[in-house]
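Just so it is clear, the structure is predicted and the values come from calculations on it, not from any experiment. In what follows, every heavy atom counts, from backbone to side chain, and hydrogens, waters and symmetry copies are set aside. Quick note on labels: first sequence line is chain A, next is B, and so on, each numbered from 1.
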There are 2 protein chains.
Amino acid sequence: MANIQQVAKQAGVSVATVSRVLNGQNSVSTKTKTKVEEAIKTLNYEPSILGRNLRNSESRILLVLIPNLSNPFYLEIIKGIENMALSQGYNILLCETDSNPEKENIYFDLVRKKMADGIISMDPAVNVETLKQLAETYPIIQCSEYGGGIGIPYVTINSEEASYRAVKHLIQIGHQKIALINSDEKFLYARERKMGYQRALQENTISLNKDYMIYTSELSFEHGQQAMRKILALADRPTAVFAVSDMLAIGALKEINASSLHVPNDIAVVGFDKIDFSNMTNPTLTTVAQPMYKMGTIAADMLIGKIKGEKVDNIILEHELVIRGSTSG
Amino acid sequence: MANIQQVAKQAGVSVATVSRVLNGQNSVSTKTKTKVEEAIKTLNYEPSILGRNLRNSESRILLVLIPNLSNPFYLEIIKGIENMALSQGYNILLCETDSNPEKENIYFDLVRKKMADGIISMDPAVNVETLKQLAETYPIIQCSEYGGGIGIPYVTINSEEASYRAVKHLIQIGHQKIALINSDEKFLYARERKMGYQRALQENTISLNKDYMIYTSELSFEHGQQAMRKILALADRPTAVFAVSDMLAIGALKEINASSLHVPNDIAVVGFDKIDFSNMTNPTLTTVAQPMYKMGTIAADMLIGKIKGEKVDNIILEHELVIRGSTSG
DNA sequence: CTGAAAGCGCTAACAG
DNA sequence: CTGTTAGCGCTTTCAG
């Protein structure tokens, strides 16, 4: 529990010199450096980050806002963020908002109060107005989900194109009656994925069927089941389903299995994200792979750049359709 | 970006008074209090946690050590920790160690350097010696996995008993040839769960078959598959499998399905943890439910207690066998 | 190459 | 009820 003063005393130098040794400045003679290092060792000294932070007006903490921890999609991103952050001397504060504005505000306060140096927002339900206002003062990056035109840099994929390719794949293997399990259209990604879905259908002169578009309030297994139940109850049952999240798709898959229909023979299923569990289902899930880990590292890098005052640009990452058992028997 | 001095000036009072208002001390007259609050508003002042932390020699951050984010088991615990921490004014720093001593040490440094006030360790592979030594100086709690007899408080379940009940269930529904997919016996929970397995067998005069005990180096889906592959290759194939983690069990399930055997008719499967995904498989997984969320809240509460200097006791929580499709057709 | 001293923003002891 | 003042532990000018 020694502090820098005691080290200085022990080494017979000033606190400034100790600080210089601590920070690896080369303007210290080898002799005094050794003296200081010995003092540090004998006193078992550990520099307090608290003091340093106050002095430097930084916390070296990155706030990561996610709607919920239960969707593995976010976990891969978080791993990317964490590793990049760590490699640059930052730590991350994970904040599960439950898409609850109140909780969100608690976390926003952390950056206002200097407990965090910046924010990576992955919450589609975030209050865009607040975020925009906050971004005028503090470094903020949007990851995966984003509000366009609000001047906050983002890293994401091309959702419209990804969705288009997924549906096109279904059409190519012979499907005409394709249902869409989407999320609420207040989210940009939901609107974009719907557009991709529509474009694929139009291009193949398949008319849009309102009954085939189901909306869910959450990207969860249970909501996927519910949506699938509605679809199975339709008089003119679709032969394929595209869900905008693997969690929904896995729920749908389970529901189809439970009704003794066969995937993909009776109904083909495509998901989105390529979470680990998409490979553990029976059959395995065809899905659109997002480079989640990479997205995380880039988001962290962008944020740290912004903290340092650099100019950062939006980034669109590649995606890839992974064809597995749920569309090819 | 105003500081407390500017607020004091604006309000025409001293910084001490502003601080008192900030901290809700009632020794301030209503009149001055209003003055201060107005000044805060006009200056858009936000008190810096950095200054407060240094002054109070605390960071109000809890370190949470987990081996990896991919196992949903930990996520539920983390949710519990986070909510309890939040309600008491703490935030959590999530640290994925990958059971890597180096990474672990980076994180340990955070508490040595006062960036964190205490640690909740959930990593079974943690270096017990380091942990023990650290615990002499800093508040530490063990959650779920623990080293006994090293004087660090823990919250966990009775693994031996839980395992015993799981295997007993298999015996009761008629199984005699029961395999165990266990994790490395360097972990206490692995030894305890093996003991429970053995006790159940002995009690029913079923002799132990070494071939039926498979060890894995990780609690992952892939390792579950691998283990099951070995089991399926046995000349005298078991009719039931008990895996010490749902992740392993889900891997095993997938492998059995892939070999066109039927669960539970050909082989019954029991898992451990009751993660969300254990209900999404086909068939659903019989498993031992751990009160993960509760365990998290308790761990956080214990740690905060310890930070405050209270004496805290070990806690053993209840578990429950949840019987589902994988053992009852 | 090294030291003295100021100060990051806050809290709390003490005095009045 | 309020103000003065001393620091929490560190970094960084500015002198020398």
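- Contacts of V13(B) with the nucleic acid, taken as non-hydrogen atoms under 4.0 Å apart, involve only primed sugar atoms and P, OP1 or OP2.
- Residue Y154(B) is tested with I141(B), I316(B), I140(B) for a side-chain contact (heavy atoms from CB on, under 4.5 Å); the sole match is I316(B).
- Rounded to an integer number of Å, the gap from N56(B) CG to dG9(D) P is 12 Å.
- Defined by atom type and a distance below 3.5 Å, a donor-acceptor pair is present between the side-chain atoms of S59(A) and D117(A).
- In this structure, the CG atom of N26(A) is 12 Å from the P atom of dT2(C), given to the nearest Å.
- If you measure from atom CD1 of I49(B) to atom C1' of dC8(D), you get 16 Å, rounded to the nearest angstrom.
- Here dG9(D) presents its C1' atom at 12 Å from CZ of R55(B), a figure rounded to the nearest Å.
- Whole-Å rounding puts the E58(A) CD to dG7(C) P distance at 21 Å.
- Close to dT11(C), at under 4.0 Å from its OP1 or OP2, lies a side-chain N or O of R52(B).
- An OP1 or OP2 oxygen of dG3(C) is reached within less than 4.0 angstrom by a side-chain nitrogen or oxygen of T17(A).
- Using a 3.5 Å distance cut-off with no hydrogens or angles, the side chains of K79(A) and S70(B) do pair a donor with an acceptor.
- Separating the NZ atom of K9(A) from the P atom of dG9(D) is a distance of 15 Å, rounded to the nearest angstrom.
- Which of dT2(D), dG3(C), dC8(D) sits closest to the side chain of R20(B) comes down to dT2(D).
- With rounding to whole Å, Q5(B) atom CD is found 7 Å from dC8(C) atom P.
- At whole-Å resolution of the value, CG in L50(B) and C1' in dT11(D) are 14 Å apart.
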